[in-house]
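Because the structure is predicted, anything quoted here is derived from the model rather than measured. Reminder, nothing fancy here: chain letters follow the sequence lines and each chain counts from 1.
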2 protein chains.
Amino acid sequence: MATGSAAKKRPPDPLVVLEAFLPYRLNVLAGLTSSALAQIYAERYGLSIPAWRVIVTLGQYELRTARDMAPDGVMHKSTVSRAVSALEKRGLVVRRPNLDDRREEWLALTPRGREIYEAVAPEALAVEERLLSVLTSDERRALSSLIEKLTRQARLLAPRDLEEGDA
Amino acid sequence: MATGSAAKKRPPDPLVVLEAFLPYRLNVLAGLTSSALAQIYAERYGLSIPAWRVIVTLGQYELRTARDMAPDGVMHKSTVSRAVSALEKRGLVVRRPNLDDRREEWLALTPRGREIYEAVAPEALAVEERLLSVLTSDERRALSSLIEKLTRQARLLAPRDLEEGDA
DNA sequence: TGCTATTGGTTGCCTGTGCAACGATTGAGG
DNA sequence: CCTCAATCGTTGCACAGGCAACCAATAGCA
């Protein structure tokens with residue numbers, strides 16, 4: 001009772017309503033924002049998502065190793081590796097050996113790489129701002145907090161085998 | 001001033017801080033929730049994400065065409081087509097011709113398909129609930145509203161060429 | 001009735017990426 | 001010093017999925 005009309009024909013009351021299902025909605029939203037962004041960094045600068053992330057990280061930190069690009073296993077080692085190779089081939093990134101530990105290599109933007117970074121970054125921020133423009137400052141703060149809480153929780157539920165982990 | 005230490009060496013103040021960039025955060029969150037869910041429907045039932053969506057949609061609507069599976073271009077025609085083929089081969093879905101328009105076909109779950117649906121759906125909902133368990137009811141409502149606003153806006157910014165559109 | 005445009009769905013091709021195995025280097029312990 | 005385990009990064013393999021060309025069926029229009 002209270003479930004509305006009882007047994008119209010066969011469907012035993014939908015268990016999952018896809019359009020209301022959080023993981024689905026998050027995937028759709030993330031996909032749409034990626035599409036919006038891709039218009040900038042893919043179509044205009046020929047960057048893939050991993051490449052874009054490498055560029056931004058190097059723009060942010062100046063000097064990093066490939067390992068640092070996937071802090072929490074967001075990107076796979078192999079994905080980073082290939083993105084870096086491609087960027088190196090295009091002359092946007094250089095590798096320099098780390099003499100203290102020759103297993104890893106330092107990565108940095110070349111001048112041309114930084115040029116691109118400085119061109120793309122503001123445009124990307126503009127897209128973000130256009131996205132957020134439908135929210136008030138309070139809503140933005142709430143959004144940020146919600147994303148953080150959910151991300152923390154999702155990390156607990158997701159399989160841990162994304163490389164070693166804690167400690 | 002107020003920006004902290006001024007010019008340590010070269011980096012001209014990071015333009016984009018990846019960890020604070022909304023599209024990035026959304027992608028990470030969506031990826032993690034997908035991983036958490038995949039443990040259920042992939043590892044335990046051998047379903048891909050598209051297959052899972054087809055199953056859920058048919059569990060919800062009982063009778064749909066392949067076209068209906070991608071209401072807003074979230075999934076590609078070809079993706080749906082291949083997912084349906086695979087499910088048909090496994091005997092979880094059947095096709096029946098639509099005599100009114102023989103271009104399209106009706107899709108429905110077989111009894112075995114519905115069995116799986118009824119087994120997977122509650123588990124998927126449980127994962128969703130575990131995710132949401134860190135939020136209060138107020139926060140859940142806020143989240144839902146924020147996702148909807150952002151999705152609507154993102155749809156405006158994303159390239160429209162995902163099939164025809166408006167009208 | 002014929003002719004063209006549109007739509008639902010399939011398939012070949014190509015790219016991107018996860019996985020696992022590997023080589024190179026380092027660190028720990030006897 | 002030597003050996004074994006762990007770590008950074010690369011690469012071959014396989015598969016998923018986007019794109020575009022295509023087929024079949026329908027609709028619009030003369």
Side-chain angles (χ1 to χ4, degrees), chain A residues 27 31-32 34-35 38-39 41-43 46-54 63-89 93-107 158-167, chain B residues 27 31-32 34-35 38-39 41-43 46-54 63-71 73-89 93-107 158-165 167:
Chain A
N27 262 305
L32 286 170
S34 284
S35 285
Q39 288 181 291
Y41 58 61
E43 292 174 18
L47 299 175
S48 63
I49 296 123
W52 149 257
R53 287 179 180 172
V54 170
L63 213 60
R64 302 253 82 179
T65 74
R67 183 78 181 76
D68 300 326
M69 301 291 175
D72 39 9
V74 173
M75 289 196 293
H76 238 269
K77 300 159 64 169
S78 56
T79 306
V80 176
S81 172
R82 284 186 257 250
V84 170
S85 295
L87 290 171
E88 190 191 23
K89 227 162 275 169
V93 159
V94 284
R95 317 182 193 231
R96 276 186 297 170
N98 175 1
L99 298 179
D100 291 349
D101 184 342
R102 277 159 27 225
R103 282 175 302 186
E104 61 183 25
E105 287 173 315
W106 292 115
L107 304 174
R160 272 214 127 351
D161 23 50
L162 311 163
E163 309 296 297
E164 42 94 69
D166 55 301
Chain B
N27 262 303
L32 286 170
S34 285
S35 285
Q39 287 182 291
Y41 58 62
E43 291 175 18
L47 298 175
S48 64
I49 296 122
W52 149 257
R53 287 178 180 171
V54 169
L63 213 60
R64 303 252 83 179
T65 73
R67 183 79 181 75
D68 300 326
M69 301 290 175
V74 173
M75 287 197 291
H76 220 274
K77 299 158 67 169
S78 56
T79 305
V80 176
S81 172
R82 286 187 256 249
V84 170
S85 296
L87 290 171
E88 190 191 23
K89 227 163 276 169
V93 159
V94 283
R95 316 182 193 232
R96 276 185 295 171
N98 174 3
L99 298 179
D100 291 349
D101 184 342
R102 274 158 29 224
R103 282 175 301 186
E104 60 182 26
E105 288 173 315
W106 291 115
L107 303 174
R160 272 213 127 349
D161 24 48
L162 310 162
E163 310 294 298
E164 43 94 67

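Separating the CE atom of Met69(A) from the P atom of dG9(D) is a distance of 9 Å, rounded to the nearest angstrom. If you measure from atom CZ of Arg96(B) to atom P of dG8(C), you get 21 Å, rounded to the nearest angstrom. Atom CG of Leu107(B) and atom P of dG8(C) are 14 Å apart (whole Å). Distance CG (Asp101(B)) to P (dA24(D)): 16 Å, rounded to an integer number of Å. As a whole-Å value, the separation of Arg53(B) CZ from dA16(D) C1' is 14 Å. What separates CD1 of Ile49(A) from C1' of dG18(C) is a distance of 15 Å, to the nearest Å. Rounded to a whole Å, the CG atom of Asn98(A) is 14 Å from the C1' atom of dA24(C). The separation between His76(B) atom NE2 and dT11(C) atom P is 16 Å, rounded to whole Å.
Evaluation of atom-type donor-acceptor distances gives no pair under 3.5 Å for the side chain of Arg102(B) against the base of dG8(C). For dT7(C), the base has a donor-acceptor partner in the side chain of Arg103(B) [N/O atoms by modelled type, under 3.5 angstrom]. Under 3.5 Å, the side chain of Arg82(B) and the base of dG18(D) form at least one donor-acceptor pair of N or O atoms.
Residue-to-nucleotide proximity on DNA chain C shows that, of Leu99(A) and Ser48(A), the 5′-proximal contact is made by Ser48(A).
Residue Ser81(A) places none of its side-chain N or O atoms closer than 4.0 Å to OP1 or OP2 of dG9(D). Look at Thr79(B) and you'll find a side-chain N or O under 4.0 angstrom from OP1 or OP2 of dG18(D). The side chain of Arg95(A) contributes an N or O atom lying less than 4.0 Å from OP1 or OP2 of dT10(D).
Taking 4.5 Å as the limit, every side-chain heavy atom of Met69(B) sits out of range of all side-chain heavy atoms of Arg53(B).
Closest to the side chain of Ser78(A), out of dG8(C), dT26(C), dG18(C), is dG18(C).
Among the protein residues, Ser85(A) comes within range of no part of the nucleic acid, since none of its heavy atoms lies under 4.0 Å from any strand. Looking at heavy-atom distances under 4.0 Å, Thr65(B) makes contact with sugar-phosphate atoms alone, never a base.
Checking Asn27(A) against Ser34(B) by side-chain atom types alone, a donor-acceptor pair falls below 3.5 Å.
If you take CG on Asp68(A) and CD on Glu104(A), they are separated by 7.5 Å, rounding to the nearest 0.5 Å.
Using a cutoff of 4.0 Å between basic side-chain nitrogens and carboxylate oxygens, Arg95(A) and Glu88(A) are scored as salt-bridged.
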Determine, step by step, whether Ser78(B) and Arg82(B) satisfy the side-chain contact (heavy atoms from CB on, under 4.5 Å) criterion, reporting the C-alpha distance in whole Å, the side-chain angles of both residues, the deciding distance to 0.1 Å, and the verdict.
CA-CA 6 Å; Ser78(B) 56; Arg82(B) 286 187 256 249; 3.7 Å; yes

